[in-house]
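Below you'll find the structure, written out as structure tokens, and then a few comments.
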Amino acid sequence: MLDSSIKILKFLPPEIAHSITINALKYLNFKYNDNDDSILSQHLIGLDFPNPIGLAAGFDKNVDVVKSMFSLGFGFIEVGTITPLPQRGNSRPRVFRLEQDKAIINSLGFNNKGSKKAKKNLMKIKNSYLQNKIIGVNLGKNKNSTNSLNDYLFGMEELGSLAGYITINISSPNTEGLRELQLRDNIENLIKQVISKREKIDSINKKPIFIKIAPDLNDDQLRDIALISLANNVDGLILTNTTTDRPNNLLSKNKNCKGGLSGKPLFEKSNNILRKMYNLTNGQIILIGVGGISSGSDCYEKIKSGASLVQLYSALTYSGPSLISKIKKELTDLIKTDGYKNISEVIGKSV
């Protein structure tokens, strides 16, 4: 039923379709199926992941449909991006389908209802059966903020205790100046302040911290981020956000729209970053691979390229919610066929 609904939604503008989907998911009751093969389970950064498939940030910006998304079979979910204050984001239209390329371009600009609303919804989860599920909280800065760093520190203080892990998003291309936080001096200062903040607050001093970076960084920038992350006890990196590049082989009429490109065309580019970062960090930091995943074999390639976990979003809009079960089955078969006893044995095998 849900998959057939996806086909109907494709006739609507993408942002309206997404809004309808979120509202429907709020009120639909799914039976949660947590019978994942143990071959997919891992204990990482103090957390038990039943499977490595996560929902990427951007789908559930305001912590509205966590229960429904877990019911589809995700091993973990990342909510947000959440900014301290509510904001509308950039002007519309700001989401574009590239159907022939199985891709999406968005220039949303961190549209969300703010940390107060997110906190209220996270508190409800804390008091429900979902309290043992892994929910990452993706933090961003407000567009008109005069102090970007303070926005991230505020988000940590407000929402960190309710998160399984905290993601510092400094890589969206749709907030002016945000990606400059990835430059060497800026990111070193940011990471030091974030880690220092974590250590000072008892309720979050054991929370894993992830930094989400762009796929458009050069080798020197990747090396800087790897070294700074290792030196400052960052727990993990999320590789990668959307790209501002436009591959020459894009076919869809919307290919030149403004914003970040996600989906299938990002697959190889993000894998490349993943392999480089796995080498640069000597496999000492947890990497989450994002970008272009639409099958179990895609997941397998990400994990062989150095990812311990993966996330997806764009493929859901084209394949529907049954995709998660299909991916897990295919991934399980691939691991068993290659003679591994657990997915952790696959990490980095092709690097």
Side-chain angles (χ1 to χ4, degrees), residues 6 8-26 55-65 78-115 117-118 138-145 148 151 167 169-182 212-216 238 240-247 250-266 269-270 290-292 311-318:
I6 292 287
I8 297 168
L9 290 171
K10 284 179 183 175
F11 292 102
L12 298 172
E15 198 164 352
I16 292 173
H18 181 78
S19 180
I20 290 170
T21 301
I22 293 291
N23 283 318
L25 288 168
K26 280 183 188 178
L55 177 65
F59 183 87
D60 189 2
K61 289 176 175 289
N62 302 302
V63 204
D64 287 321
V65 293
E78 189 166 313
V79 295
T81 297
I82 300 160
T83 56
L85 299 173
Q87 62 181 27
R88 292 186 176 182
N90 298 323
S91 57
R92 303 188 188 201
R94 54 191 183 178
V95 185
F96 308 93
R97 294 189 192 98
L98 283 68
E99 292 201 30
Q100 291 166 281
D101 305 293
K102 293 290 184 280
I104 291 171
I105 290 173
N106 92 80
S107 59
L108 287 161
F110 291 166
N111 59 312
N112 75 107
K113 294 178 181 176
S115 59
K117 175 68 173 174
N138 185 300
L139 302 175
K141 69 180 276 307
N142 278 114
K143 182 178 181 179
N144 297 322
S145 172
S148 303
D151 281 14
T167 296
N169 184 354
I170 52 173
S171 51
S172 168
N174 302 317
T175 297
E176 190 175 342
L178 185 77
R179 285 189 166 189
E180 291 174 14
L181 293 172
Q182 296 173 115
K212 187 167 186 175
I213 66 171
D216 306 317
I238 301 183
T240 60
N241 214 315
T242 58
T243 181
T244 53
D245 279 355
R246 297 292 182 266
L250 291 178
L251 301 170
S252 304
K253 64 179 182 180
N254 289 327
K255 63 184 178 181
N256 293 318
C257 291
K258 184 183 178 184
L261 175 73
S262 62
K264 207 66 195 167
L266 186 55
K269 187 181 179 82
S270 60
V290 198
Q311 291 177 335
L312 59 86
Y313 170 8
S314 296
L316 280 177
T317 64
Y318 290 108

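Here, residue 1 is the first one in the sequence, and each next residue gets the next number. These values consider heavy atoms only, across backbone and side chains, with no hydrogens, waters or symmetry-generated copies.
Judged purely by distance below 3.5 Å, without hydrogens or angles, the side chains of Asn174 and Ser107 never pair a donor atom with an acceptor atom. Between the side chains of Ser172 and Asn241, no donor N or O sits under 3.5 Å from an acceptor N or O.
Put simply, CG on Asn142 and OG on Ser148 are 10.0 Å apart, with the number rounded to the nearest 0.5 Å. Separation of atoms CG (Asn254) and CD (Glu99) is listed at 9.5 Å; rounding is to 0.5 Å. With rounding to the nearest 0.5 angstrom, the OH atom of Tyr313 is 11.5 Å from the OG1 atom of Thr242. Interatomic distance, CG of Asp60 versus CD1 of Ile82, reported as 8.5 Å (0.5 Å rounding). Note: Ser314 OG to Leu261 CG = 8.5 Å, rounded to the nearest 0.5 Å. The distance from the CG atom of Asn111 to the CZ atom of Arg94 is 4.5 Å, given to the nearest 0.5 Å.
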task = Report the C-alpha distance between Thr83 and Asp151 in whole Å, list the side-chain angles of each, state the deciding distance to 0.1 Å, and finish with yes or no for side chain to side chain contact (heavy atoms under 4.5 Å, CB included).
result = CA-CA 7 Å; Thr83 56; Asp151 281 14; 5.9 Å; no
request  = Carefully, step by step, assess Arg97 and Thr317 under the rule side chain to side chain contact (heavy atoms under 4.5 Å, CB included).
outcome  = CA-CA 9 Å; Arg97 294 189 192 98; Thr317 64; over 6 Å; no
key: Derivation and outcome, side chain to side chain contact (heavy atoms under 4.5 Å, CB included), residues Lys258 and Asn90   = CA-CA 11 Å; Lys258 184 183 178 184; Asn90 298 323; over 6 Å; no
task = Please assess Lys212 against Thr81 for the test side chain to side chain contact (heavy atoms under 4.5 Å, CB included), listing each intermediate value before the final yes or no.
result = CA-CA 11 Å; Lys212 187 167 186 175; Thr81 297; over 6 Å; no
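Scanning both residues, Leu250 and Pro265, for their nearest heavy atoms gives CD2-CG, 3.6 Å. When all heavy atoms of Val290 and Ala56 are compared, the closest pair comes out as CG1-CB, 4.3 Å. Closest approach of Thr243 to Pro215, counting heavy atoms only: CB-CG, 3.6 Å. When every heavy atom of Thr244 is checked against every heavy atom of Pro173, the shortest pair comes out as CG2-CB, 3.5 Å. The shortest heavy-atom contact between Pro84 and Ser115 is O-OG, 2.9 Å. Of all heavy-atom pairs between Ala214 and Gln182, the closest is N-OE1, 2.9 Å.
Asn138 places no side-chain N or O within donor-acceptor distance of the main-chain N or O of Ala57, the cut-off being under 3.5 Å. The closest donor-acceptor contact from the side chain of Asn112 to the backbone of Lys61 lies at 3.5 Å or more, if one exists at all. Put simply, the side chain of Gln87 gets close to the backbone of Phe110: a donor and an acceptor are under 3.5 Å apart. Using modelled atom types, one side-chain atom of Ser252 and one backbone atom of Gln100 make a donor-acceptor pair closer than 3.5 Å. Judged purely by atom type and a 3.5 angstrom limit, Asp101 uses its side chain to pair as donor or acceptor with the backbone of Leu251.
Within a 6.0 Å sphere centred on CD of Glu180, heavy atoms belonging to other residues, nucleotides or ligands number 12 at most. By the 6.0 Å contact criterion, CZ on Arg246 is enclosed, its count of non-hydrogen atoms from other residues, nucleotides or ligands being greater than 12.
Between Phe59 and His18, the ring planes are perpendicular. Angles over 60° get that label, and only those under 30° would be called parallel.
Ion pairing of Lys269 with Asp245 is present here, as a side-chain N (NZ or NE/NH1/NH2) and a carboxylate O approach within less than 4.0 Å.
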